[in-house]
Asks: 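Provided herewith is a single structure, encoded as structure tokens, for subsequent inquiry.
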Number of protein chains: 2
Amino acid sequence: MARTQAERRADTRDRLLQAAAARFAADGIDGASIDAIADDADRTSGSVYAHFGSKEGLLLALLDSWKNDVAVAATAEMATAPTMPGRLAALWRNFADPPNDGAHWVQLEHELWLYATRHADARDQLADRYRDIRRTVRDEMGQWRASGDITPPVADDVLGALLVALLIGLEMQHRLDPDAIDERVALAGLAALLGVTEPTEVMT
Amino acid sequence: MARTQAERRADTRDRLLQAAAARFAADGIDGASIDAIADDADRTSGSVYAHFGSKEGLLLALLDSWKNDVAVAATAEMATAPTMPGRLAALWRNFADPPNDGAHWVQLEHELWLYATRHADARDQLADRYRDIRRTVRDEMGQWRASGDITPPVADDVLGALLVALLIGLEMQHRLDPDAIDERVALAGLAALLGVTEPTEVMT
DNA sequence: GTCTATATACCGATAGAC
DNA sequence: GTCTATCGGTATATAGAC
């Protein structure tokens, strides 16, 4: 694969970005060295500078390419569950205990957030992404409300922000103390914000 | 002040811890150098090693001494507001736009959380602190419920975790996009979780 | 206990061969 | 475009004077 120069170049770029995502998540943005990232991508540090110019350039490119399929993947898996509590449980599990090797995307998200608080460029980009996520969630919940599955006690335009906030905050506490912040807590919170009236039986 | 050796030693220790908190928050745990911390404390790097042995030792000592007066300070200011929406607004403001120079404690909290995800010792300590915070919030809300000020749609034992989660998640989004995540959004979320039935008029 | 000076190591970035 | 070699800077941590 990757016969032409352009293809090889694109392949190297992808490898570097993927390695950077994994390394940043594992060791932190500061803790991850250019050499380590390049090694993971089976390249050398020189290639990083040829493609991105600097470590910051690499990070901004990563932030740009970082398609957060969370909302998509989450809603996709949610659709498979028949009952509402089952759907909410699937949503929570995707956050708390990611199934695939996508286990590191949550960690990377926190790394990027902390970086963004100190760099205006990254902050603007990340702010855009979170706006998109909120909008996606809001639209989805609007449909649920319209179909009568839920009766949220708040307006649709704030529901996205509240759900995202609750999931992030619960996930952070869950990481510190998995037993204390379990599925039962998450389901209670989601049900309260969404106005799920039926008894919240857990579907396992 | 600090005449005796013990007093001077304790004074140096306090200075170093305070400087470490500020530097860690400002530059990140990795980004903050021992020299910079010592300089802020009007000491030298040697004193850090005399007191804490290493940078990690300094951080663990900071984590240990880090009395999170958030719950205390927040509830204190909340008590001054007469109406329930006013109290909730005070709670949110303490998070979103801290009044004093305590502006950096939120940032430090995120730094510590990220560090804790990679170090078991710190994780256990931080987990304990969050348990305390949840318990404090839960007890406070239990009193409000008993006095009829609120009628939460969830059980008391999960209410602490949900409120903490919502506030953390909203604050993170607020930092990226202050205009999108404003007091109105926060009040709607808090009111939903707490079961504040009266129209949520904002008290300014 | 605190400071000065220094050892040691690593990182980001650059230069030049190919 | 990618690699090898290296420079310059800075970090943690230590040794020894006082």
Side-chain angles (χ1 to χ4, degrees), chain A residues 1-63 111 115 118-119 121-122, chain B residues 1-63 65 111 114-115 118-119 121-122:
Chain A
M1 60 173 106
R3 294 300 256 299
T4 73
Q5 301 176 9
E7 280 172 341
R8 171 160 178 79
R9 175 177 168 78
D11 178 57
T12 293
R13 193 187 143 92
D14 284 348
R15 281 169 163 273
L16 289 175
L17 285 176
Q18 193 167 344
R23 276 287 165 186
F24 284 156
D27 305 332
I29 293 175
D30 265 299
S33 72
I34 301 285
D35 276 328
I37 293 171
D39 283 352
D40 286 358
D42 284 314
R43 294 293 185 277
T44 58
S45 66
S47 71
V48 172
Y49 290 95
H51 275 272
F52 307 103
S54 69
K55 189 177 184 178
E56 186 183 5
L58 171 60
L59 186 108
L60 289 178
L62 174 65
L63 195 51
E111 287 287 345
Y115 182 89
R118 299 193 175 94
H119 300 81
D121 312 350
Chain B
M1 60 171 106
R3 293 301 259 298
T4 75
Q5 301 176 9
E7 280 173 342
R8 169 160 180 80
R9 175 177 169 79
D11 178 56
T12 294
R13 193 187 143 93
D14 284 349
R15 282 168 163 273
L16 290 174
L17 285 175
Q18 193 167 346
R23 276 286 166 188
F24 284 156
D27 305 333
I29 293 175
D30 265 300
S33 74
I34 301 284
D35 276 329
I37 293 171
D39 282 353
D40 285 359
D42 283 315
R43 294 292 185 277
T44 59
S45 66
S47 71
V48 172
Y49 291 94
H51 276 271
F52 306 103
S54 68
K55 189 177 183 178
E56 186 183 4
L58 171 60
L59 188 114
L60 288 178
L62 174 64
L63 196 50
S65 79
E111 288 287 343
L114 210 43
Y115 181 89
R118 299 194 175 94
H119 300 80
D121 311 352

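These numbers come from the heavy atoms of this one structure, side chains and all, not from hydrogens, waters or symmetry mates. Proteins come first, then strands; the chains are lettered A, B, ... in the order of their sequence lines, and each starts at number 1.
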Asks: Figure out the CG/P separation between D39(B) and dA11(D), and round it to whole Å.
Replies: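 Rounded to the whole Å, the gap is 11 Å.
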Asks: Below 4.5 Å, heavy atoms only, C-beta onward: do L58(A) and L17(A) meet side chain to side chain?
Replies: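 When only atoms from C-beta onward are counted, L17(A) and L58(A) do touch, with a gap below 4.5 Å.
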Asks: If you round to the nearest 0.5 Å, how far is CG of D27(A) from CD of E111(A)?
Replies: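 Output value for this atom pair is 9.0 Å.
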Asks: Output a table of nitrogen or oxygen pairs between the protein and nucleotides 12-14 of chain D separated by less than 3.5 Å.
Replies:
residue : atom : partner : partner atom : Å
dT12(D) : OP1  : K55(B)  : NZ           : 2.9
dT12(D) : OP2  : I34(B)  : N            : 3.0
dA13(D) : OP2  : Y49(B)  : OH           : 3.2
dA13(D) : OP2  : K55(B)  : N            : 3.1

Asks: Using the salt bridge (charged side-chain N to carboxylate O under 4.0 Å, His left out) rule, pick out the option among R15(A), R8(A), R13(A) that qualifies with D11(A).
Replies: R15(A)
Asks: How long is the straight-line distance from NE2 of H51(A) back to OG1 of T12(A), given to the nearest 0.5 Å?
Replies: 5.0 Å
Asks: Between the main-chain N or O of I29(A) and the side-chain N or O of K55(A), is there a donor-acceptor pair closer than 3.5 Å?
Replies: yes
Asks: Can you tell me how far CG of L62(B) sits from OH of Y115(B), rounded to the nearest 0.5 angstrom?
Replies: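 The distance works out to 11.0 Å.
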Asks: Rounded to the nearest 0.5 Å, how far apart are CG of D35(B) and CG of D40(B)?
Replies: 11.0 Å
Asks: Of all nucleotides in DNA chain C with an atom under 4.0 Å from a non-hydrogen atom of chain B, which is the first and which the last going 5' to 3'?
Replies: dG1(C) to dT4(C)
Asks: For R9(B), enumerate each residue passing the salt bridge (charged side-chain N to carboxylate O under 4.0 Å, His left out) test, keeping only those at least two apart in sequence or located in another chain.
Replies: none
